[in-house]
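I have a structure here, written as structure tokens, and I will follow up with some questions on it.
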Amino acid sequence: MALEQLKVELQEIDQRIIHSFTILEELDLKEFPGCNSVAEIEVEVCGKPAVLAVGFPKSFPNALPKFYDKKNQFGEIPHKLSNGFLCFTRNESLIIDERYPASIVLNCLGKVLNLIEKGVKGENQDDFMLEFEVYWQREVIIDIHAHIDTSDFKVRELNCWRRKNESEELIFVASEKSATAVQAANQIFHTNLIDAQRYRCIYFPLAKGTFLLPPLREDDWSFGTLKSNIFMNLSAENKKEFYKIVNRPINKSISKIEFLIVGLPLSNGNVALFGACLSGNSLNFKSQKNNKNKQIHPFVLKPKDGGILRAAIQRWHPNFLLNRTGGNADLYGKHVIIVGLGSVGSEIALRMAKAGIGQLSLVDYDVMEPDNVHRHSLGSDQIFMDLNKKLYNKPKVMGIKEEIKRKYPFTQVETFPDNFLTVIEDHKIDFKKSNLIIIAIGSANSEMMINRKLYQLKKSPPVLYNWVEPLGIGGHTLVTLNREKVGCYQCLFKAEEDSPIYNRSAFAKPFQEFSKTITGCGSVFTPYNFLDSERSAMLAVDAGLKVLTDKLVGNPLLSWKGEGDLFQDYGYQTTKRYSFSTEQLEAAKYLYIDENCKVCSNEGRDTHQ
């Protein structure tokens, strides 16, 4: 009944795309997966009549119709599968107005006809390559979870393991031969790969500009086709490297079955990956020269019953993961030092690891306490550690390192449970090899001392200071030493003859008492909550990433403003700066600089030198 109504609607509206609409009564719905009714429509493609099948899901018009070239009128064109299905879009890329089913069909059909005409005219041949992985994966037998650096265009051997998980499911894992990758694999796949079955797996990166037609039908790409397509598109150097690899003696514990993964460069700068298991009897011989076993690779001597089992590649290399989620793979080569792992600093550390920073140095001498939990990024499981059957409070740097390694195993973390001034004086960190320092101590006196020490260094990376104000009124990040030395933390405390110094960035009027206590002096704390910590951390991380990617100019003072209701309810007063709008704060971000600063002015720098 629904299709009858749709047919009437198409006849009533002024459309000249569909010339006829025939509802099919007897058909095998298995040929139209996900559909419960089908119609044939007559259309015109490149000036010639053609017939398409249109399948309608049960939830149509809330779901898009599906179009098929069941009569194979257009030959092999991109985005057409072997069953004739024409992949023209995805549901989430179109807004569906269920009130007008006929319009939905016509809009979709317009995209389908455009796709077909481009394919017939050969205008979108490159799409074969861009969709290579989709075609390859239609007949896969196994999945290989692979950690491959696709920016490296050298043929090489990978680690390759097979392991059963707790549900007896076989898991295949491949990775670059590095200790970091192996450790990450053990963690990600919840298994100990040391005891897993090992295989030889070779990665073949094809030359840039390679064009391969993907397997468009089930019987495409035989053993010979695979070998030919690989070797015709390998550089001479990589062919030599392949023969070096297969001529090396092989460990007896390694299975005779061979695996391979191929990297296919695409026109958009990415690399498609597809894999295979080379089946058949593998040959071994013992070298008389060194009395070691060698395994003859099937590409050197094909077994009589040699064949291929297609493998889909599921990637877990950090570069791919970062690009997949809008990250910046270049950050993996950066080293960031974070000083102070309290409620703000701990959030900064985790977010920097999440952004893809490859190396973190964490500095803090403090330990976790139970009263940290609801403001700190670590939970109650990280308060204590059991050493020699005694309970000790866990150092914050250790807890954050464990949390980062649990979530982001590719980030290398170095810990310093020490005072940062001691770290500087004892040269425990090579600042020349770091790219950014973030100070989140929240102590003005300590940070002024750190500021002076860092300005005395011959070469310091950019430094960010981050702190939060009481009761959610706001927070700040100050950028310093960002390619220029004008503007520093000391500038915020400009001396005035008639009053003590105070932080001129503050939203809270100076010389008010904000510290709270629950059970006396031993429980003094500054009142702000986890949302304030996270918001301040996000400001620092955003600024830090912009500094690392050269997208932030100079040494600005950046601030976020919170609601002042609670602040005023307690009877506290704000500064004039708190009344500034977001636009005014942005316009004034360099006005804090003190031309007579004893640290960063010309006179101050001459004194330090």
Side-chain angles (χ1 to χ4, degrees), residues 132-150 156-204 214-215 218-223 225-227 230 245-246 250-264 271-284 293 295-299 302-318 320-321 324 406 409-410:
F132 194 98
E133 290 185 3
V134 176
Y135 285 101
W136 185 264
Q137 293 177 12
R138 284 182 297 143
E139 300 296 329
V140 297
I141 304 298
I142 57 176
D143 288 340
I144 300 176
H145 300 273
H147 167 281
I148 299 175
D149 180 5
T150 56
R156 56 194 180 275
E157 188 175 355
L158 305 173
N159 287 319
C160 187
W161 306 274
R162 184 192 70 177
R163 183 86 185 199
K164 287 185 179 180
N165 62 13
E166 294 178 357
S167 61
E168 295 298 308
E169 177 189 9
L170 286 178
I171 298 175
F172 292 87
V173 178
S175 81
E176 300 282 3
K177 292 198 169 186
S178 72
T180 301
V182 175
Q183 292 169 5
N186 285 331
Q187 179 173 319
I188 292 171
F189 300 102
H190 303 285
T191 186
N192 184 359
L193 294 173
I194 294 176
D195 301 326
Q197 174 64 59
R198 294 177 60 201
Y199 298 87
R200 183 162 65 181
C201 180
I202 298 177
Y203 176 60
F204 293 92
E218 294 181 9
D219 57 346
D220 280 358
W221 281 62
S222 63
F223 181 99
T225 305
L226 176 65
K227 178 181 177 181
I230 290 175
I245 292 171
V246 297
I250 197 164
N251 192 302
K252 290 182 179 180
S253 64
I254 294 179
S255 169
K256 295 179 181 180
I257 299 173
E258 299 274 358
F259 284 85
L260 61 85
I261 298 175
V262 182
L264 176 62
V271 176
L273 293 178
F274 61 98
C277 169
L278 304 181
S279 64
N281 296 323
S282 181
L283 300 176
N284 285 283
N293 287 321
Q295 183 167 302
I296 300 179
H297 194 277
F299 280 173
K302 179 187 174 184
K304 292 182 179 178
D305 57 348
I308 65 171
L309 302 175
R310 290 189 209 168
I313 308 303
Q314 312 297 336
R315 310 185 198 204
W316 54 280
H317 190 279
F320 172 78
L321 299 180
R324 177 70 176 79
R406 182 179 72 84
F410 294 107

Min side-chain heavy-atom separation Asp149-Arg156 under 4.5 Å: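 Yes, their side chains come closer than 4.5 Å.
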
Rounded distance [0.5 Å steps], CD in Gln314 versus CZ in Phe172: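 These two atoms lie 13.5 Å from each other.
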
Val173 and Ile188, any side-chain heavy atoms less than 4.5 Å apart: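 SC-SC contact between Ile188 and Val173 ruled out.
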
Value rounded to 0.5 Å, distance of CD in Glu157 from SG in Cys201: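 That separation rounds to 8.5 Å.
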
Heavy-atom pair with the smallest gap, counting every atom of Pro214 and Trp221: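 Smallest heavy-atom distance, with atoms named: C-NE1, 3.7 Å.
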
Stepwise side-chain contact (heavy atoms from CB on, under 4.5 Å) test for Leu309 and Ile142: CA-CA 8 Å; Leu309 302 175; Ile142 57 176; 5.9 Å; no

Close side-chain approach of Phe274 to Leu264, heavy-atom, < 4.5 Å: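 A side-chain contact under 4.5 Å exists here.
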
Considering all heavy atoms, the nearest Glu176-Ala181 contact: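 Shortest heavy-atom contact: O-CB, 3.7 Å.
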
Interatomic distance, Gln183 atom CD to Ser175 atom OG [nearest 0.5 angstrom]: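 Gln183 atom CD to Ser175 atom OG measures 11.0 Å (nearest 0.5 Å).
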
Residue pair Tyr203 / Thr150, side-chain heavy-atom distance below 4.5 Å: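 Yes - at least one pair of side-chain heavy atoms lies under 4.5 Å apart.
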
Partners passing side chain to side chain contact (heavy atoms under 4.5 Å, CB included) against Ser222 (at least two apart in sequence or in another chain):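 With sequence neighbours excluded, Ser222 shows a side chain to side chain contact (heavy atoms under 4.5 Å, CB included) to Thr225, given in chain and number order.
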
Closest contact, heavy atoms only, Leu170 versus Arg162: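 Shortest heavy-atom contact: CD2-CD, 3.8 Å.
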
Donor-acceptor under 3.5 Å (Arg315 side chain, Ile148 main chain):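 Looks like no, no N/O pair under 3.5 Å.
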
Plane angle bin for Trp316 and Phe189 - parallel if under 30°, tilted between 30 and 60°, otherwise perpendicular: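 Aromatic pair Phe189/Trp316 classed perpendicular.
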
Euclidean distance, Leu278 CG relative to Phe259 CZ, rounded to 0.5 Å: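 So the CZ of Phe259 and the CG of Leu278 are separated by 9.0 Å.
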
Closest heavy-atom pair and its distance - Ala146, Ile313: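 Ala146 and Ile313 have their closest heavy atoms at CB-CG2, 3.6 Å.
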
Exercise: identify the closest heavy-atom pair between Ala174 and Ile144: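 Closest approach of Ala174 to Ile144, heavy atoms only: CB-CG2, 3.9 Å.
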
Pairwise side-chain contact, His147 with Phe410, heavy-atom cut-off 4.5 Å (strictly under):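 Yes, close enough: below the 4.5 Å cut-off.
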
Ile171 backbone acceptor or donor facing Trp161 side chain under 3.5 Å: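 Not confirmed, Trp161 side chain does not pair with Ile171 backbone.
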
Heavy-atom pair of closest approach, residues Tyr199 and Ile257: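 The answer is CD2-O, 3.5 Å.
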
Validation row: Arg200, His297 side chains within 4.5 angstrom (heavy atoms):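 Result yes, sub-4.5 Å side-chain heavy-atom pair found.
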
Verdict with supporting geometry, Leu193 and Asn159, side-chain contact (heavy atoms from CB on, under 4.5 Å): CA-CA 10 Å; Leu193 294 173; Asn159 287 319; over 6 Å; no

Any donor-acceptor N/O pair, Gln137 side chain to Ala311 backbone, under 3.5 Å: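 Between the backbone of Ala311 and the side chain of Gln137 there is no qualifying donor-acceptor contact (under 3.5 Å).
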
pair Phe299-Leu226: side-chain heavy atoms closer than 4.5 Å: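 Contact flag for Phe299/Leu226 side chains = yes.
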
Sub-4.5 Å side-chain heavy-atom contact between Arg310 and Pro215: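 Yes, their side chains come closer than 4.5 Å.
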
Spacing of Ile250 atom CD1 and Glu258 atom CD [to the nearest 0.5 Å]: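 It is 6.0 Å, given to the nearest 0.5 Å.
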
